[in-house]
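Reviewing the structure listed below.
A note on names: the letters A, B, ... follow the listed sequences, proteins ahead of strands, and every chain is numbered from 1.
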Amino acid sequence: MLDLKYVRVHFEAVRQALSRRGPIPGLEAFLEKDAVRRDLLSRVEALKAERNRVSAEVARAKREGRDAAGILSGLSRAADETKALDAELAAVDAQVRDILLTVPNIPHPSTPDGKDESDNPVVRAWGQPRTFDFPVRDHLDVGAGLAGLDFERAVRMSGARFCVLRGDLARLERALVALMIDMHVQEHGYLEIAPPYLVNGASLVGTGQLPKFAEDLFKIEGQDRYLIPTAEVPLTNLHREETLAAEDLPLAYTAYTPCFRSEAGSYGKDTRGLIRLHQFDKVELVRICRPEDSYEELERLTGHAEAVLQRLELPYRVVSLCAGDLGFGSAKTYDLEVWLPAQGKYREISSCSNLEDFQARRADIRLKDKGAKKSVLAHTLNGSGLAVGRAMAAILENCQNADGSVTLPTALVPYMGGRERLSPVA
RNA sequence: GGAGAGGUGGCCGAGUCGGCCGAAGGCGCUCGCCUGCUAAGCGGGUAUCGGGCUUAAAACCUGAUCGAGGGUUCGAAUCCCUCCCUCUCCGCCA
């Protein structure tokens, strides 16, 4: 959410900056609604101030044993008026808030111009895509050969876009999670968190999924509870409605969780394989820091996610999302894209974003310097470190051999009980 | 799931028949004084988020907040309703 006063005072500049994303419907109504709100607010406050003054007079009269009937006369009409205006104010207030809640974040100046993903500039690349002297199979075929992916049964029990992992691949999933968490905790200084997978609506408003993207979420029927679409939600909301001590920052959290997404509107996209599922595992990174540090923190966070790809020896590149492709709450995002040889393409495996104070304002996450009078909004960042299913797909494709076996990246060997290779099941 | 108790400032805790209660008192923290050192003592300060004014800040004016929302009332921490949460006992359960 953007700052109300800032939007009012710098409306044209805000509109300009947001237009880099494309059209923002709803913004036009803001100034008018806001003016009405401000007018009502000052009138209501004046009425309340007068009411409070007279009430104090009544109290004094009663205490001194005098008759307060004279003061009291006509007050109930004023009270009715206050109540009516107050209701009007609450309604307009909600309207202004609704507008603000559906306006995306302002792209940072360093976020490149562009309309969609084809405009995302490559910032850097790492590793050489391998050349194969045999026909490359996609991760589905490789996984099937290992008897590790079972989509048929997953569909029967849950429906499309679910997967059952078996045997070596079930273990590989666990190994990947363990490797990633260990790296982030032991080498990058994150605190491991095991959060709830169900959160309430307020938390989702806090991180920006609600109210605008309700259709992307799985909601528990009849309850104010939703399956998390990413661990970003519980991790960032750890400190919702808290004022943090500035000297404790930055805070760095990591968590492994399943993520649940309805994928409404992605029919026909990536229908095969592990790339786009209703449920997938992800290791998430969240950092909460002082405003002046957040861009430095974004580079750091991105580096932590890259380190995992490097450890797994998977070729990847880093792209800077252009304004038109930027996520709702993000001011700047780097996507890490891993090489998938069967597709002959780099595919997103991590997205690292600086949300600046966009989430902090919604979630009321503040920080205060020792001795400072005022608190300020913190900055929040998050990134995948990494998406586990996509990492598995990348390993199956990049590390496959002609005989259908898969040579595991060295870093995974200890996590796979010393095994260096997964062999096809006859 | 059943029965009961309760949610007040960083913490503990008071709040009488609704009326100078944003809230006594204590602890903690902090500033100053005092003091061979430490400890003790004395005095002061110490919730948050808004709106207005201001170039800005401070000061000042003002609104809201005693779990959340609503109601009664001129006026609600105090009365009423709904919800959330915590604790105790019983039942069930990994």
Side-chain angles (χ1 to χ4, degrees), chain A residues 1-10 30-31 33-101 194-206 210-211 219-226 234 237-248 291 357-378:
Chain A
M1 185 163 65
L2 301 177
D3 180 55
L4 179 81
K5 207 191 289 182
Y6 184 86
V7 175
R8 173 165 64 233
V9 175
H10 304 99
F30 172 82
L31 280 182
K33 293 284 181 200
D34 178 57
V36 173
R37 191 192 71 92
R38 293 222 297 158
D39 175 57
L40 281 169
L41 183 64
S42 61
R43 282 158 64 198
V44 167
E45 286 202 354
L47 278 172
K48 285 185 178 174
E50 175 64 8
R51 179 197 70 192
N52 290 345
R53 196 186 59 75
V54 176
S55 284
E57 243 177 81
V58 175
R60 197 175 325 118
K62 291 244 169 152
R63 232 185 357 268
E64 293 166 0
R66 286 185 283 120
D67 180 27
I71 313 173
L72 242 44
S73 72
L75 275 189
S76 95
R77 207 179 62 241
D80 288 345
E81 192 187 344
T82 306
K83 194 176 289 182
L85 269 186
D86 228 355
E88 227 179 296
L89 173 64
V92 177
D93 207 40
Q95 288 172 6
V96 172
R97 190 177 159 76
D98 284 349
I99 293 173
L100 240 31
L101 279 175
Y197 303 158
L198 288 168
V199 295
N200 57 29
S203 294
L204 288 156
V205 171
L210 290 179
K219 185 176 195 297
I220 305 298
E221 196 174 355
Q223 295 188 26
D224 178 33
R225 288 200 176 87
Y226 302 78
N237 276 282
L238 279 174
H239 296 292
R240 178 154 56 88
E241 291 161 45
E242 288 185 16
T243 300
L244 306 163
E247 61 266 29
D248 294 340
D357 64 9
F358 188 85
Q359 291 180 325
R361 184 172 294 108
R362 292 168 164 252
D364 195 17
I365 303 170
R366 299 173 163 272
L367 63 94
K368 195 167 162 185
D369 277 292
K370 218 175 165 63
K373 266 208 140 91
K374 285 276 184 185
S375 59
V376 298
L377 293 169

Can you name the residues that form a side-chain hydrogen bond (donor to acceptor under 3.5 Å, both in side chains) with A:Glu221, not counting sequence neighbours? none

Strictly by Watson-Crick or wobble contacts shorter than 3.5 Å, is anything paired with B:rG63, and which nucleotide is it? B:rC49

Nearest whole Å is fine: how far is B:rG50 P from A:Arg8 CZ? 13 Å

Residue set satisfying side-chain contact (heavy atoms from CB on, under 4.5 Å) with A:Glu50, at least two apart, ordered chain then number -> A:Arg53, A:Val54

So do A:Leu244 and A:Ser375 actually touch side chain to side chain, heavy atoms under 4.5 Å? no

Applying a 4.0 Å non-hydrogen cut-off, can you work out what A:Arg77 is touching in the nucleic acid: base, sugar-phosphate, or nothing? nothing

CG (A:Leu204) and CG (A:Leu210) are apart, to the nearest 0.5 Å, by 4.5 Å

Inter-nucleotide C1' distance (B:rU46, B:rC93), Å rounded: 48 Å

Partner set under side-chain contact (heavy atoms from CB on, under 4.5 Å) for A:Ala202, not counting sequence neighbours: A:Asn200, A:Arg240

Between B:rA56 (P) and A:Lys374 (NZ): distance, integer Å: 15 Å

Which residues pass the ring pair (Phe, Tyr, Trp, His ring centres under 6.0 Å) test with A:Tyr6, sequence neighbours left out? A:His10

The correct set of residues in residues 54-62 of chain A placing a heavy atom under 4.0 Å from RNA chain B is A:Ser55, A:Val58, A:Ala59, A:Lys62

Any side-chain heavy-atom pair from A:Asn237 and A:Val199 closer than 4.5 angstrom? no

Write down the distance separating the P atoms in B:rA56 and B:rU78, rounded off to the nearest Å. 39 Å

What integer number of Å spans the P atoms of B:rC27 and B:rG22? 25 Å

Is the shortest side-chain heavy-atom distance between A:Gln359 and A:Ile365 below 4.5 Å? no

With rounding to whole Å, what would you report as the distance between B:rA24 and B:rU48 at their P atoms? 15 Å

Does any N or O in the side chain of A:Arg225 come within less than 3.5 Å of the main-chain N or O of A:Leu198, such that one atom is a donor and the other an acceptor? no

Kindly state each residue pair satisfying salt bridge (Lys or Arg N to Asp or Glu O under 4.0 Å) with at least one member in residues 34-48 of chain A, sequence neighbours excluded. A:Arg8-A:Asp34, A:Asp34-A:Arg37, A:Arg37-A:Asp93, A:Asp39-A:Arg43, A:Lys48-A:Asp86

Separation of atom NZ in A:Lys368 from atom C1' in B:rU46, rounded to whole Å: 10 Å

Results of side-chain hydrogen bond (donor to acceptor under 3.5 Å, both in side chains) for A:Arg60 - residues two or more places apart only: none

Return the value, rounded to whole Å, for the distance between atom CG of A:Asp364 and atom P of B:rU65. 17 Å

Heavy-atom protein contacts under 4.0 Å, nucleotides 82-87 of chain B, coded B base, S sugar-phosphate only, - none: ------

Between residues 79-96 of chain A and RNA chain B, which residues have a heavy-atom gap below 4.0 Å? A:Ala79, A:Lys83

A:Lys219 atom NZ, over 12 foreign heavy atoms within 6.0 Å: yes

Could you tell me whether the phosphate oxygens of B:rU48, OP1 or OP2, come under 4.0 Å of any side-chain nitrogen or oxygen in A:Thr243? no

Watson-Crick or G-U counterpart of B:rC74, or none if no pair lies under 3.5 Å: B:rG19

A:Arg362 side-chain N/O to A:Leu101 backbone N/O, donor-acceptor pair under 3.5 Å: yes

Expressed as a whole number of angstroms, how long is the span from A:Glu241:CD to B:rC49:P? 13 Å

Any protein N or O atoms within reach of nucleotides 59-63 of chain B? Criterion: under 3.5 Å, listing atom names and distances.
unit_1, atom_1, unit_2, atom_2, d
B:rG63, OP1, A:Asn52, ND2, 2.9

How long is the line joining CG of A:Leu367 and P of B:rC49, in whole Å? 11 Å

If we take the P atom in both B:rC34 and B:rG26, what is their distance in whole Å? 24 Å

Determine the Euclidean distance between corresponding P atoms of B:rC49 and B:rG9; express it in Å to zero decimal places. 16 Å

Just call it for A:Ser42: base, sugar-phosphate, or nothing, with non-hydrogen atoms closer than 4.0 Å on any strand. nothing

Separation of B:rG75 atom C1' from A:Leu47 atom CG, nearest Å, is 15 Å

Just name whichever nucleotide pairs with B:rU55, Watson-Crick or G-U, keeping both distances under 3.5 Å, else none. none

Residue set satisfying side-chain hydrogen bond (donor to acceptor under 3.5 Å, both in side chains) with A:Glu241, at least two apart, ordered chain then number -> none

Span that lies between the C1' atom of B:rU73 and that of B:rC79, in whole angstrom: 10 Å

Gap in Å between the two P atoms, one belonging to B:rG36 and one to B:rC21, rounded: 42 Å

Can you sort out the partners of A:Lys62 under side-chain hydrogen bond (donor to acceptor under 3.5 Å, both in side chains), two or more places apart, ordered by chain and number? none

